[in-house]
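Structure first, then comments.
Whatever order the structure lists them in is the order used to number ligands and atoms, beginning at 1. Note that the coordinates shown come from a computational prediction; the quantities given were computed from them, not determined experimentally.
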Amino acid sequence: MTLNAEELLSDVQVEQFQSKGAVLLKGVFLDWVESAQAAIEENKSNPSWRERTYRPDDGGAPFFQDYCVWSQFDGYKALVADSPMPALAARLMTSKTARVFHDHILVKEPGNSVVTPWHQDQPYYLVEGQKTVSFWVPLDPVPRERTIEYVAGSHQWGKSFRPKRFDGTDLFENDTSEAVPDVDAERDNLEILGWAVEPGDAVAFSFRTLHGAPANASPTRRRVISVRWVGDDARFVKRAGTTSPAFPDLDYEDGAPFEGPNFPLLYPAS
Ligand SMILES: O=C(O)CCC(=O)C(=O)O
């Protein structure tokens with residue numbers, strides 16, 4: 001029996017997402033884990049032009065990343081389009097519609113030493129809106145000490161922190177916007193959220209929530225697909241340089257409604 005968004009997600013969880021900027025969803029994507037795991041292997045053998053793999057100087061294991069590939073591999077496509085994800089996205093965003101923006105594949109191989117630095121996602125993107133959600137979907141068990149973490153309430157700080165690549169370089173040249181605060185130094189003064197997760201779980205979070213993730217100092221892989229959605233109020237935004245992910249062939253006006261074949265409306269289902 002397939003459960004609908006109301007049965008999979010309580011009002012309390014929606015409230016937590018809205019007020020804290022992140023919420024754990026247990027077991028909602030279990031039926032889509034195996035095919036998504038298979039898609040990771042297909043994707044690693046056939047990366048897109050956007051693939052960016054960090055190979056640490058220490059000679060340790062790589063951190064494979066790819067973007068905007070959900071429609072190219074059946075296992076990703078099933079998770080994004082056939083699971084309850086579109087309906088859950090609309091419900092969390094309190095939006096009549098849910099449009100997929102993109103996916104980000106993140107595989108930290110065993111022993112990978114790359115820390116995902118604290119950042120917000122919103123400043124990297126060519127889309128803006130108040131109604132946004134990403135689903136961080138682990139395809140391996142991740143214990144509390146290695147899981148992604150969030151600064152509760154940071155999506156409501158009214159801040160847009162300077163975007164940097166995960167290797168520490170600025171995304172936009174001459175960017176003078178406020179630097180991301182030193183969250184680790186301030187941990188005692190902030191509410192940090194993070195959950196041990198199993199394959200089939202997801203963490204849903206706003207594009208504006210500050211988040212970061214530890215390295216993978218473990219003998220097991222940490223495979224994740226993170227899927228981004230926008231709602232009714234989404235608009236294109238021009239940035240001071242090439243966004244991440246980049247859409248070099250896309251022509252758009254600043255402030256225009258966010259739509260087009262790259263970003264299909266998946267809720268309500270057509
Ligand atoms: O999994 C990670 O290391 C980081 C994920 C992330 O930053 C995201 O999904 O926005």
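The ring pair (Phe, Tyr, Trp, His ring centres under 6.0 Å) analysis of residues 39-64, with sequence neighbours excluded, yields no pairs.
Hydrophobic clustering keeps Y125 apart from W229 (ILVMFWY residues linked when any side-chain heavy atoms are closer than 4.5 Å, directly or through intermediates).
Side-chain rings of H211 and F205 approach one another, their centers coming within less than 6.0 Å. Residues Y150 and H155 place their aromatic rings such that the two centres sit no closer than 6.0 Å.
Every protein residue with a heavy atom nearer than 4.0 Å to ligand 1 is included here: L106, K108, T116, H119, D121, W136, I148, F205, H211, A213, R222, S226, R228.
In this structure, K238 is positioned above the aromatic face of Y252, its NZ or CZ under 6.0 Å from the six-membered ring centre and within 45° of the axis.
Counted within 6.0 Å of CG on N189, heavy atoms from surrounding residues, nucleotides or ligands total more than 12; the atom is thus considered enclosed.
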